[in-house]
Amino acid sequence: RTHDFGKSWTNISAGLPAGDPARVVRENPNHKGMLVVGTDTRLFYSMDDGAHWTPLKSNFPTAPVYDMKFVKAEHDLVVATHGRGVFVFDDLTPLEESDASTLAKDFHLFTVPPAQSWHMWNKRGYFTQAGFAAPNPPQGAAISYFLKKEIEVTPEQKKKHQTPVKIVVSDADGRHVATLYGPSKQGYNRVAWPLQHQEPVKLDFVPPPAEAEEDFGMHGGPPVVPGAYQVAVTVNGQTQTQSVQVEPDPRYPFDLQAARANLELTLAGEP
């Protein structure tokens, strides 16, 4: 590393494996001093301008990395490998916001990036088994948090399809929108809120038809209208909040007033 146009150099290979040539190194435009290096076998990142390196895993395969590009607006990292295709690390905000004080906490909620309400209809139909498409990132708002230790899910929580991480979404007026539960593994965790209201509550005093029983609630509640929302994550009695902005699909014209009227009509039957 040089800061004087090559007059002097500092070795920044600490933490990198010997005999594993580095092919490419890039600096994050959203976080000065955050570097990512691609070698003949894997990825490493540094938060201190190369003084220390940490493997960047996240299910990334063993493969030579020949090129990388940061996407500044979305905080993504696109990685080109030799032989394993192209990979995208979606939303590096948790790494950008991590420091010694953050990682010393039992729990920390990171900034929730703006979420796009994509219109997923495809006039050409869906891919058949003969076609190939890599999976898209989970649709909705990406809620990321750090847990210093894994928190075990209790039998009662398993029975209710819950976890120790409770996530409550509210609208700008403080009205409840949805409740979901996230993973409770040690380290970085992420769950996607699909930009929907809570699914309807099943009545237990009127037996539904058998065909209705199979489909009940599988598609969730109605979609939310674009706007500002509040995300509250509770772990072991401690609650942290972040705001998230939901934006409409930019490819299509959008009538906010009509969407609000449609949502109010849809929710009119809620207790």
Path from V177 to Y181 over hydrophobic side-chain contacts below 4.5 Å: no
Please check this pair: side chain of S243 against backbone of Y229, looking for a donor-acceptor N/O pair closer than 3.5 Å. no
Would you say that more than 12 heavy atoms from the other residues, nucleotides or ligands in this model lie under 6.0 Å from the NZ of K185, or not? no
Without swapping roles, check the side chain of E27 against the backbone of G33 for a donor-acceptor pair under 3.5 Å. yes
Sidechain-backbone polar pair: S184 side chain, I151 backbone, donor-acceptor under 3.5 Å: yes
How far apart are the C-alpha atoms of Q240 and V233, what are their side-chain angles, what is the distance that settles it, and do they pass the side chain to side chain contact (heavy atoms under 4.5 Å, CB included) test? CA-CA 5 Å; Q240 297 182 23; V233 181; 5.6 Å; no
Does T234 reach the main-chain N or O of G237 with its side chain, forming a donor-acceptor pair under 3.5 Å? no
Counting neighbours of CZ on R260 that are heavy atoms of other residues, nucleotides or ligands and sit closer than 6.0 Å, is the number greater than 12? no
Between the side chain of Q116 and the main-chain N/O of A141, is any donor-acceptor distance below 3.5 Å? no
Heavy-atom closest contact (S117 atom, V246 atom, distance): CB-CG1, 4.4 Å
Donor-acceptor check, side chain of D76 to backbone of V71, threshold 3.5 angstrom: yes or no? no
Flag, side chain of W193 to backbone of V231, donor-acceptor distance under 3.5 Å: no
Polar side-chain atom of D106 near backbone of K148 as donor-acceptor pair, under 3.5 Å: no
Quick check for you: to the nearest 0.5 Å, what is the distance between L92 atom CG and N30 atom CG? 9.0 Å
Sequence neighbours left out, what pairs pass ring-ring contact (aromatic ring centres under 6.0 Å, His included) with at least one residue falling in residues 9-51? none
Tell me, with the steps shown, if T41 and D20 meet side-chain hydrogen bond (donor to acceptor under 3.5 Å, both in side chains). CA-CA 7 Å; T41 61; D20 190 4; 2.5 Å; yes
Hydrophobic clustering (ILVMFWY, side-chain heavy atoms < 4.5 Å, transitive) - are L95 and F87 grouped together? yes
Backbone of F60 reached by a side-chain donor or acceptor of S58 within 3.5 Å: no
Around atom NE2 of H3, are there more than 12 heavy atoms of other residues, nucleotides or ligands at under 6.0 Å? yes
Check: R84 main-chain N/O paired with T81 side-chain donor or acceptor under 3.5 Å: yes
Please find out if less than 6.0 Å separates the ring center of H82 from that of Y66. yes
Common cluster, L267/V224, ILVMFWY with side-chain heavy-atom separation under 4.5 Å: yes
Candidate pair R26 and L35, rule side chain to side chain contact (heavy atoms under 4.5 Å, CB included), full reasoning: CA-CA 6 Å; R26 297 279 186 259; L35 307 178; over 6 Å; no
Treat each ILVMFWY residue as a node, draw an edge where side-chain heavy atoms are under 4.5 Å apart, and state whether Y145 and V168 are in one component. no
Step by step, would you call R190 with S144 a side-chain hydrogen bond (donor to acceptor under 3.5 Å, both in side chains)? CA-CA 4 Å; R190 176 172 290 173; S144 304; 2.8 Å; yes
Quick one, M68 with V36, criterion side chain to side chain contact (heavy atoms under 4.5 Å, CB included). Give me CA distance, side-chain angles, the key distance, then yes/no. CA-CA 9 Å; M68 295 181 293; V36 178; 3.5 Å; yes
Heavy-atom side-chain contact between I167 and I143 under 4.5 Å: yes
Answer yes or no: is there a side-chain heavy-atom contact under 4.5 Å between V37 and L43? no
Between L56 and F89, does the side chain to side chain contact (heavy atoms under 4.5 Å, CB included) criterion hold? Intermediate values first, please. CA-CA 10 Å; L56 183 56; F89 286 81; 4.0 Å; yes
Would you call R23-D67 a salt bridge at under 4.0 Å N-O? no
Transitive ILVMFWY side-chain link M47 to Y188, under 4.5 Å: yes
Kindly compute the distance separating NE2 (H197) from CG (D171), expressed to the nearest 0.5 Å. 7.0 Å
Below 4.5 Å, heavy atoms only, C-beta onward: do V165 and P183 meet side chain to side chain? no
